[in-house]
Structure formats: structure tokens, C-alpha cells
Amino acid sequence: MKKEIVKLLKKALNEKGIKLKDEEIGKFIETPPSPDMGDFSFPCFFLSEKLKQNPNQIALEIREKIGNPPVMDFEDIQTSGPYINFVLNRKSLAKKVVWEVLNQKQDFGKVNLGHKKKIVVEFSSPNMGKPFGIGNLRSTIIGNSIANICEFEGFNVIKMNYLGDWGTQFGKLILGYKKFGNEKKLHENPVKHLLELYVKISNNKRYENESRKWFKKLEDGDKEAVILWRAFKELSLNELKKIYKLLGITFDEYDAESKHNKGMDKVIAELKEKKLLKKSEGAQIVQLKNYNLGTCLVQKSDGATLYATRDLATAIARYKKYKFVRMIYEVGKEQKLHFKQLFKVLNLMGYGWADNCVHVAHGLYLDKDGKKFATRKGKTIFMADIIDQTTSLIKKEIKDRTPKISKEELEDRALKIAMAAIFYGDLKNNRSNDAVFDIKRFISFDGDTGPYILYSYARASSILKKVTTKKKFEVFELEPKEIELVKKLSQFPEIVLKSYQNLNPSVIANYSYQLAKIFNEFYHACPVIGSKQIEFRLALVESFRQVLRNSLKLLGIKTLEQM
Ligand code: ARG
């Protein structure tokens, strides 16, 4: 509907000699504080300077230029001081929205912006040989949602995981295993055993030199080092895949730092040739002081390469392979400088596509007391344990509600609700802010939570299961809550677009909650069964169910028919 209003305004403004783009006009359109003042309004203050007229007068003149709008779309258009207020023809809006949702189904809200062009979305990217912790979770959840959103907007998305399987930590693990390793323990619980070894070696300065040497050996292809590294990697990857399975997340490609070893020599040679490399205390650097970005260390004095070197080689290889129009790195905000340096060096190397790379950063997870989560009491918190704890808490709640539930159904439901709780608990926050990880609050069936939203979905499903109708719907009269619900549904396409433009899933997450809330209010205010317009109300419930489902799918949350 907003589109229609933009069209009318554009024409009228044009006649007054003001040329604005659709998006610009769209930005000025507001929702009035109360529905009696209309459904949309256009304030005229900003035109006052240009037209050298007072805004009330401008409003009147624009209103006049709009003329008689189509009655199918508008009941009325009036001015109120400097505002032009648009009152929609709500019955036709209701029909139009419901009709569109029920026809387009899972495609409702899609805009084909992408024309199948490629976007690489890199996310999750945990360091192997370390437990997958809560810090890795944000990137996984947010990155997955961003990938879904880009796909929905018509791009061909490559979901990429960039495993941290190279670097000095492997020197520590190899040394640790040689000194204190236990094969049986390693196979029983690789992640816990490797962590044990890592801690033992890191806590003792005496091992620093020797672990560095082991990493260098690994880089030089030493047989013993490579065999151990491969075993650690394989075992950790198996554990990781179990977690992704529980989270319901898949990748199109597992990239890894180690895969770009060969490319690194080339990058260093290329940097040299392009005269970007400088020697500094025996190491090789790219000087970025002129750009206020410090120095980017590319090769250590012993010849070992670094994280940045691998990222350079990786980015170049990916562009060669995919010719992406955009590459998104979903990584914590503590790596801001790293990515700025990476993109700058690529740019200095003459790669124009570096401008299409973005670091989509997220804040930390904090615990309830506002402290950084991962280091709490120096203990590591394992993802698998978090999922376990969450599901068992939810199982209790489900058993209280449905004592007779079968075991499989209980497992399935509990896992889905647990995931909705964790995913939504994260995604409702603007990603650049720190977020509080509070499982007790996340799993509540009331309030701004994942389970509450799933519950509304299940409620809609149960209504639709109880009553069916083959009759076409007719709209006689609309209650305020029906209008609110219709309007909210109609916003979905804009919401997805905004969330894509800002690469921020919280826009969709917050929308899902508001939608669920309005639906629950509608449900209490407008009985479906026995209503004069039962057919319309059923269609409205079905539309709600569809839009909520589309919305949750973009967040990576699966729905449930019963709760
Ligand atoms: N493995 C890294 C870490 O856990 C994150 C990798 C991010 N991606 C990248 N291309 N550098 O800190």
C-alpha cells in the first residue's frame, strides 16, 4: 500500500517541481500514532525551505494535486496542519493482503533483487582443536540468517564455513599430545582431551618455543606433525558436525585456513612484486599507517605465515572461483581492524572487488551479570552442554503441559523449542550490540521469546485444524484488531528488505514477535467460530500462520504444529 501512496505523492510533488526518488519519498512516510488519524501520513516540513512556503499551505496544495484517489485503495485523504493523512480502504486492503499471502505462500515477501548473482556468506568459522563455544554461536546463528535473507531476496548464496585449522595452536596441540596425550581419551572425547592438552601447554612458558617449532614443522610438511594434525582435525570436525546437526545448520562449503597454504607463497610474491612489502625487524609487513590502519604483519621472521596472510590468499582464491558480487564475513567485532586491513591490502593490490567485501560484525555474549561469557570463572562452556541443559529444561515444561506425550514427540518438540529459544534470544538483539545469554529467560513461554512465538504459531495451526471451510471469504466489517493484523502482515516484504539492506536479522526477529503478539490479541478479541465472517477470519489466521512461518524460516527457526 505504501507503494500506492508513494506513486500518488510522486506525481503531485512533480507537479510542484520537486523531483524525488521513490525510496526518498518512502522514507518520509510515517505511521500516525493513532489509527483514527489515518494509516499513513506524509509530513511536509522538509519542503518548506525549498518551496519558501509554510508547511500547512504545502500540505493543502499537494492534497489538491493528488485529486480523487481510487476508492478501491483509499477511503479518504485529508490534511491536518502540515500532514497529509491517508486512510486506506481497509476492506480492500484486507482482501488484497490475505489473497496475496495465500497465493504466494512461501514466496510472500520475496523481492528479486539478486537475479541469481553470487554472494558468499562466510560464518561460524570456529577454531578447530578448541571447543565450539558460545562465542562461535553468534556468528553461526546470525550468519545463517543473513544467508537465508540474501537467498530470499534472489541471490545465489554460497554458505561457507572457514575452519581455523592452521596456526600456532596446532603446534601446542602436537607438542601436548606428544608429551601428555592418550589415544583412548582422544577418541572418546576429542574436544575435551585436546582442550586439556592445550591448557597444559599454554600454562607453561617453558613450552612456548618448542610449540612454535612444531607449528613450523607442520608448515614445512613434517610427516609426524601432519599425521597428528590430520587426526585432531578429523576428530574435531566430527564433533562440530554433530553440533551443526542439532542447530539445523548446513554449509555449502567447508573452506579451511590450511587449504590456502599454497596460495600464501604466491600472495607474498605478489605483494613483493607490487612493492607493498616492507621488512621490519626481520618480519615482512604491509605498511598501512597512511590509512590509519597500523601495520599488517604478513610473514614472521622465522618464515611462518599468519592469519592475515591466509585471509589474503583465501579471498583471492574465492573471487577466482565464484566471481561474487559480494562477500560477507560474519565475525565478532573484535576483529574489526583485521578485516579493515585485509580489505585495504586487497585494494592496494589492485583488486577492485575488495570493495564488495564486508565485515558484518557482532557484539559479545554477556552473562546475566553483564560479564563476558566465555571467560566466566575461567571455565569453558561447551555448546553441546548448553543444548543439553536447554532441552531438558524444556522437556520438563512440555511434560507438565502434555503428560501423555510419546518419547519421540517429546524429543522432537523439545529440541525445536530449545533451538527457537536460543536462536531468537540472540537474533532479537541488534547484532552489533552485546547480547545477554540468559537461558532461563530465553526458554520462557511468555514474553519476547522464541517459545512464545512458536506457541502463537501452534495456536493458529490448531484453529485451522478444528475448522475448515470451502466457502470463499467475504469481508463485512473489520474489528480494530483485524485491521492491525492485516496491516502488520502487509509490512512483511518491507521488513525483509530492510533487514537485507542493513544485514540485520533483528529487524525480522522483532517483527515476528510483534506479529505474534498482535495475533494473540486478535485471537482474544475476535472469535473465529460463530463469527459472521468466519471464512475471512480463517483466511486471516492462515495468512498469519504463513507469514510467521516465512519469517521464522529466515531466522533459521523451525515451527511446530503443537506445543
Ligand atoms: N577462526 C576465526 C576465529 O575463531 C574466525 C575466522 C573468521 N573468518 C576469516 N575469514 N578470518 O577467531
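Remember, it's 1-based here, ligands and their atoms both numbered in the order they're listed. All of these numbers come straight from a predicted model, not from anything done at the bench.
Partners of Leu410 by side chain to side chain contact (heavy atoms under 4.5 Å, CB included), not counting sequence neighbours, listed by chain and number: Lys395, Ile398, Lys399, Ile405. Partners of Lys340 according to the side chain to side chain contact (heavy atoms under 4.5 Å, CB included) rule, which considers only residues two or more places apart in sequence or in another chain, are Leu293.
A donor-acceptor contact under 3.5 angstrom links the side chains of Glu122 and Ser125, judged on distance only. Neither side chain, Gln335 nor His359, offers a donor N or O lying under 3.5 Å from an acceptor on the other.
The two residues Ala420 and Leu454 have their closest heavy-atom pair at CB-CD1, 3.5 Å.
Residue pairs meeting the ring pair (Phe, Tyr, Trp, His ring centres under 6.0 Å) criterion with at least one partner in residues 274-310, sequence neighbours excluded, are Tyr307-His338.
Ligand 1 is surrounded by Glu122, Ser125, Asn127, Tyr162, Tyr307, Asp311, Tyr329, Val331, Gln335, Phe339, each with at least one heavy atom closer than 4.0 Å.
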